[in-house]
Amino acid sequence: MSGLTSNIMRTALLSALVFTASVQAQQAQDAQAKDAATALPQMGFNNWNSTHCRAEFDEAMIRGVADKFVSLGLRDAGYRYVNIDDCWANWKRDQDGNLQANPERFPGGIKALADYIHARGLKFGLYSSAGVSTCEPSEKNRGFPGGLGHEKQDAALFASFGVDYLKYDNCNNQKIDAKQRYQAMGEALRASGRPIFYSVCEWGENKPWLWAGDPAVGASSWRTTGDIRDKYTSMVEIFKQNVVLDGYASLGHWNDPDMLEVGNGGMTHEEYRTHFSLWAIMAAPLLIGTDLRKIKPDALDILLNKEVIAVDQDALGVQGKRIRDASGIHVIVKPLKDGSRAVAVFNETNAQHDVAVSAEELGLKASGAYRIRDLWQHSQSQGDGSIKTHLPAHATAMYRISAM
Ligand code: GLA
């Protein structure tokens with residue numbers, strides 16, 4: 001080989017190596033960006049709170065909801081997942097043991113639905129239960145077929161459908177150890193060849209905050225409570241169970257106080273604002289639970305409040321901590337990535353109240369100068385960081401406080 005040829009070959013080899021290294025670096029960067037995105041609390045939609053198992057839950061509804069994500073600006077506000085809940089499946093598996101869609105509700109099948117959702121730049125989520133059947137009784141059975149003992153086959157099927165998210169429920173679990181059941185599905189999802197966000201729905205029965213985030217299980221969120229109802233008292237009760245668990249949340253590992261009821265009609269506008277504020281300050285999943293094809297402008301305004309969403313989605317990944325719980329007034333503080341902090345002040349009582357929170361109580365340095373942004377009024381003021389607000393019954397004020 002001449003010196004010239006070997007030089008050319010060396011240069012070609014070198015540039016191939018440089019090219020490979022830069023492709024690898026780009027892939028690593030992409031993976032990191034993807035990790036960061038999936039590490040934040042999930043945002044999206046799930047039909048359960050608005051339809052339960054009623055006939056209106058079908059393919060046309062879910063396609064319509066996906067369209068609304070785009071036309072109403074929800075996708076641009078960060079909502080990503082369009083998830084379907086219990087009752088999507090046929091009452092029995094097919095002859096090969098595969099789950100199949102209910103042919104009346106989803107005549108086009110699940111893969112076609114996932115394709116439709118993906119074509120709109122969105123992600124698709126499905127539901128199953130870590131038991132022999134799901135929670136809702138089917139036409140012909142105690143429930144629709146569950147995943148217990150079928151984890152590998154079901155996870156592979158989900159991946160072939162293009163599923164991006166699995167909510168895995170807890171009904172009919174045969175009293176088998178919870179960690180064992182949820183780990184079996186977690187392993188199967190990871191072996192499926194498709195990244196699938198894993199949402200454990202175990203209702204807090206076996207303290208999932210202690211084990212569901214373990215790499216062996218691999219959940220990104222876990223329900224901490226029983227089911228929410230579209231009532232102020234239910235929402236507040238769930239808030240109280242979830243707010244004390246802040247120590248267990250971190251990036252990629254979230255306490256899930258259940259899906260949003262905003263827009264469903266059982267609470268006042270003020271109460272829905274409280275619901276959304278509390279979920280955001282607790283860095284909870286923001287899963288819209290109302291039929292977006294029929295949503296009213298005042299409910300949509302709540303769901304589209306980008307300043308409140310930014311608190312939920314803050315990259316520091318901390319669940320807010322309650323620093324006051326006295327006489328029905330709750331103050332929750334959440335540190336944010338840019339050094340500022342979000343504060344929610346919630347008046348649980350049935351009477352209006354003037355509430356003051358000092359800079360010291362908020363943990364701010366004495367005689368500092370702060371910018372205080374009101375996240376519902378969208379107005380700004382300056383001061384020493386202390387807050388004074390008038391709160392109607394059941395109302396929540398929310399702020400972002402940053403040093404000047
Ligand atoms: C359980 C879950 C709910 C919903 C229903 C479906 O109750 O906690 O969120 O998925 O099952 O049957």
Side-chain angles (χ1 to χ4, degrees), residues 41-58 61-62 65 81-92 99 101-102 105-106 110 124-148 154 158 163 165-175 178 181-182 185 196-209 212 219-231 234-235 237-239 241-242 245 254-264 266 275 279 284-291:
Q42 64 269 39
M43 291 177 67
F45 166 88
N46 174 300
N47 65 284
W48 185 254
N49 285 350
S50 68
T51 67
H52 287 217
C53 215
R54 289 188 298 276
E56 67 199 88
F57 167 48
D58 66 4
M61 177 199 185
I62 302 304
V65 164
Y81 293 101
V82 177
N83 298 348
I84 63 176
D85 211 281
D86 201 358
C87 307
W88 66 266
N90 198 352
W91 67 279
K92 63 170 187 181
L99 293 169
N102 176 315
R105 290 184 197 266
F106 295 98
I110 299 302
F124 172 63
L126 203 55
Y127 163 99
S128 185
S129 182
V132 292
S133 46
T134 66
C135 298
E136 193 69 12
S138 68
E139 307 85 305
K140 306 215 171 121
N141 250 346
R142 275 188 58 220
F144 300 90
L148 191 63
D154 289 356
F158 299 156
V163 167
Y165 182 118
L166 179 69
K167 168 177 174 180
Y168 203 38
D169 212 339
N170 192 29
C171 281
N172 304 308
N173 61 40
Q174 314 300 297
K175 301 204 167 72
R181 286 180 292 117
Y182 285 96
M185 183 52 90
I196 298 179
F197 186 103
Y198 189 23
S199 152
V200 163
C201 177
E202 183 268 1
W203 320 315
E205 278 191 345
N206 299 281
K207 299 195 165 81
W209 47 89
S220 295
S221 69
W222 46 83
R223 281 272 299 276
T224 54
T225 73
D227 289 6
I228 193 168
R229 281 170 300 114
D230 188 19
K231 291 269 164 294
S234 163
M235 185 270 291
E237 191 187 309
I238 284 184
F239 154 71
Q241 290 175 47
N242 193 72
L245 297 171
W254 304 108
N255 292 310
D256 174 1
D258 207 357
M259 303 172 291
L260 298 167
E261 292 283 6
V262 176
N264 283 337
H275 180 15
W279 264 232
L286 297 179
L287 293 171
I288 298 168
T290 197
D291 186 344

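The structure displayed is predicted, hence computed values, not measured ones. Note that ligands are numbered from 1 as they come in the structure, with each ligand's atoms numbered from 1 the same way.
Distances between N or O atoms of Asp85 and those of ligand 1 include at least one value under 3.5 Å. Between Trp48 and ligand 1, no N or O atom pair is found at a separation short of 3.5 Å.
Atom OH of residue Tyr127 and atom CH2 of residue Trp48 lie 7.0 Å apart, to the nearest 0.5 angstrom. In this structure, the separation between OG1 on Thr225 and CD on Gln241 is 5.5 Å, given to the nearest 0.5 Å.
Atoms of ligand 1 lying under 4.0 Å from any heavy atom of Arg223, numbered from 1 in the order shown and given with element: 8 (O), 9 (O). In summary, the atoms of ligand 1 found under 4.0 Å from a heavy atom of Cys201, numbered by their order in the structure, are 2 (C), 8 (O). Here is the list of ligand 1 atoms found below 4.0 Å of a heavy atom in Cys135: 1 (C), 11 (O), 12 (O).
Protein heavy atom in closest approach to atom 12 (O) of ligand 1: Asp86 OD2, 2.8 Å.
No side-chain donor-acceptor contact under 3.5 Å links Trp91 and Asn102. With hydrogens and angles left out, the side-chain atoms of Asn255 and Asn242 include no donor and acceptor closer than 3.5 Å. Looking only at atom types and distance, the side chain of Gln42 has no donor-acceptor partner in the side chain of Ser220 under 3.5 Å away.
Within the 3.5 Å criterion, the main-chain N or O of Met235 finds no donor-acceptor partner in the side chain of His275.
Contacts between Cys87 and ligand 1, counted as non-hydrogen atom pairs separated by less than 4.0 Å, are absent for every part of the residue. With a 4.0 Å heavy-atom cut-off, ligand 1 is reached by the side chain of Asp169 but not by its N, CA, C or O.
Checked against side-chain hydrogen bond (donor to acceptor under 3.5 Å, both in side chains), Glu56 has the following partners two or more places apart in sequence or in another chain: Arg54.
With atom 9 (O) of ligand 1 as the reference point, the heavy atom nearest to it among Met259, Lys167, Glu136, Glu202 is part of Lys167.
Residue contact annotation: Asp227 has a non-hydrogen atom under 4.0 Å from ligand 1.
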